[in-house]
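These notes are about the structure you will find just below.
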Amino acid sequence: MSTFLAQAGIQVHEGFDPAHLDERPDCIVIGNALSRGNPEVEHVLAEKWRYCSLPELLKECFIREKRSIVVAGTHGKTTTTSMITWILECAGLHPSFLIGGLPGNFQHGARLTDSDWIVLEGDEYDTAFFDKRSKFVHYLPEIAVINNLEFDHADIFENLQAVQKTFSHLIRLVPSNGLLLANGTDANLAPLLDVDFCPVQRFGLSGDQDFLVTSNHTDKGTLHFTVNGDAYQLPMIGEHNLENAAAAIACAHQCGISPAIIQEAIRTFKGVKRRLEIIGTTGGITVIDDFAHHPTAIKKIVQTLKQAYPEGRLWVLFEPRSNTTRRSVFQTELMDAFSEADVSLFGEVARAELLKPEDRLNLTDIVNSIQSQGKEAKVIADPDDMAAAVAAEARSGDVVAILSNGGFGGVHEKVLVALSDTIA
């Protein structure tokens, strides 16, 4: 992002100082990472200047008057949003979009056009210190797509019921001439779908769905499947991407796009950076970067890679960095998430000193549980040591999957360099 801002000629101030606001902006946009005590926030409040959150700004200045597609869910938001955007692009609709990642079919994660359509990744995280509602309640959905629903973001939601409540708020905003598209196989989502104020359609891999995925198989890294009789080829792997594709296809039908255009868009979809992204292959060892950090996502990624690369061993390098995985709330679930990996290496719990010991993820217990199943597991706090451990033991045919929603101390590049040096 710093590079992107520099290329756009936008000045960036390092740190926070009220002097940065000497020109008195017309409006100050306060991100949800800032809170009371921040010197610039305090200055804005004391001066009673006009301020707002980013979602509020988007609503009033960019979304209103457009036809808004909001893609929500615990998992798959970025991929599904990118896929829908690409289908609309292939249909010549040239949509505006805001995506929480870097889609392979576009140069950036955001674009503003004069199109009637705007596609937004709908995040359930809170809006700002002064607005604790989820971001997506600001996005004026004409079409709301919800792929799944699980407990997450333990720093702001107390339990699953709290997450369901905030998703119900999004659903309430869908107008009578809009559409709610939901995964009809998700048990946590099902109680929210009995509404009569807007049309509801369901998609999924089984059951009585409006958009049912059938006849699916994977061949040479491509998913082959049908939805309501139309055949598709998606150059990705993983059953979870079938659900993402079903959601995108259902949404495209609502937008009036022909099956032929949808099929071609799915066939040419290039995925999203850091979602099962192959970042290098050295000596027959494949290194993959993925954003997975929730135990359900981790388990699906592990299963997907074991199926896609059955001949070699699967190494999983995981950084407990998110506000949920740093905590003990998923202690049991994380023990199970890595059970099919051959080797699991864990970085240290990020910002562990900010958590009480009883609230902190216990990596020792997770490692012991995995080892009791006859699998290799250990904690390696230093990224250089972790890369060295991989390079010393990995062999041709192995897959190294690096899972983190952050930088992981640069371990991605360190692993590639260590493998290259060892093999050379």
Would you name the heavy atoms of Leu314 and Ala401 that are closest together and state the gap between them?
CD1-CB, 4.3 Å
Show your working on side chain to side chain donor-acceptor pair (under 3.5 Å) between Glu142 and Ser68 and close with a plain yes or no.
CA-CA 5 Å; Glu142 175 178 329; Ser68 174; over 6 Å; no
Tell me whether Asp210 contacts the main-chain N or O of Gln201 through its side chain, where contact means a donor paired with an acceptor under 3.5 Å.
no
Taking every non-hydrogen atom, the tightest pair across Ser134 and Thr166
OG-OG1, 2.5 Å
Closer than 3.5 angstrom, by distance alone: can the side chain of Asn148 be matched with the main-chain N or O of Thr74 as a donor-acceptor pair?
yes
For salt bridge (charged side-chain N to carboxylate O under 4.0 Å, His left out), just list the numbers for Arg111 and Glu89, CA-CA rounded to whole Å, side-chain angles, deciding distance to a tenth of an Å, and then say yes or no.
CA-CA 12 Å; Arg111 181 177 75 180; Glu89 182 78 358; 2.7 Å; yes
Contact between Glu47 and His43 at the side-chain level, heavy atoms closer than 4.5 Å - yes or no?
yes
In terms of side-chain geometry, is the basic nitrogen of Glu358 or Arg327 positioned less than 4.0 Å from the acidic oxygen of its partner?
no
Are Glu243 and Asn183 linked by a side-chain donor-acceptor pair shorter than 3.5 Å?
yes
Out of curiosity, Asp398 CG to Trp315 CH2, how far, rounded to the nearest 0.5 Å?
7.0 Å
Assess the residue pair His240 and His75 against the criterion (ring-ring contact (aromatic ring centres under 6.0 Å, His included)); give the C-alpha distance rounded to whole Å, side-chain angles, the decisive distance to 0.1 Å, and a yes or no.
CA-CA 9 Å; His240 59 290; His75 316 293; 9.3 Å; no
When rounded to the nearest 0.5 angstrom, what distance separates OG in Ser404 from NE2 in His293?
9.0 Å
Quick one: CD1 on Ile288 to CD1 on Ile402, what's the gap to the nearest 0.5 Å?
10.0 Å
Which pair of non-hydrogen atoms, one from Gly238 and one from Leu223, has the smallest distance, and what is that distance?
O-CD1, 3.6 Å
Checking Arg275 against Phe291: charged group under 6.0 Å from the ring centre and within 45 degrees of the axis?
yes
One pair to check against side chain to side chain contact (heavy atoms under 4.5 Å, CB included): Arg36 and Glu42. What are the steps and the verdict?
CA-CA 7 Å; Arg36 292 302 303 270; Glu42 295 301 319; 2.7 Å; yes
Taking the basic N atoms (NZ, or NE/NH1/NH2) and the acidic carboxylate oxygens, is any pair closer than 4.0 Å for Lys77 and Asp123?
no
Aromatic ring proximity Phe408/Phe318, centre distance under 6.0 Å
no
For the CD atom of Glu333 and the NE2 atom of His294, what is their distance to the nearest 0.5 Å?
8.0 Å
For Leu363 and Pro320, work out which heavy atoms get closest and say how close.
CD2-CG, 4.1 Å
Roughly how far apart are Leu192 CG and Ile146 CD1, rounded to 0.5 Å?
7.0 Å
Say whether, by atom type as modelled, one donor and one acceptor occur between the side chain of Ser96 and the main chain of Thr113 under 3.5 angstrom.
yes
Using a strict cut-off of less than 4.0 Å between a Lys/Arg side-chain nitrogen and an Asp/Glu carboxylate oxygen, indicate whether Lys306 and Asp342 qualify as a salt bridge.
yes
Got a second to check how far Leu212's CG is from Leu205's CG, nearest 0.5 Å?
8.0 Å
Parallel, tilted or perpendicular: which describes the rings of Phe330 and Phe151, with under 30° parallel and over 60° perpendicular?
perpendicular
Quick one: do the Asp155 and Tyr125 side chains pair a donor with an acceptor below 3.5 Å?
yes
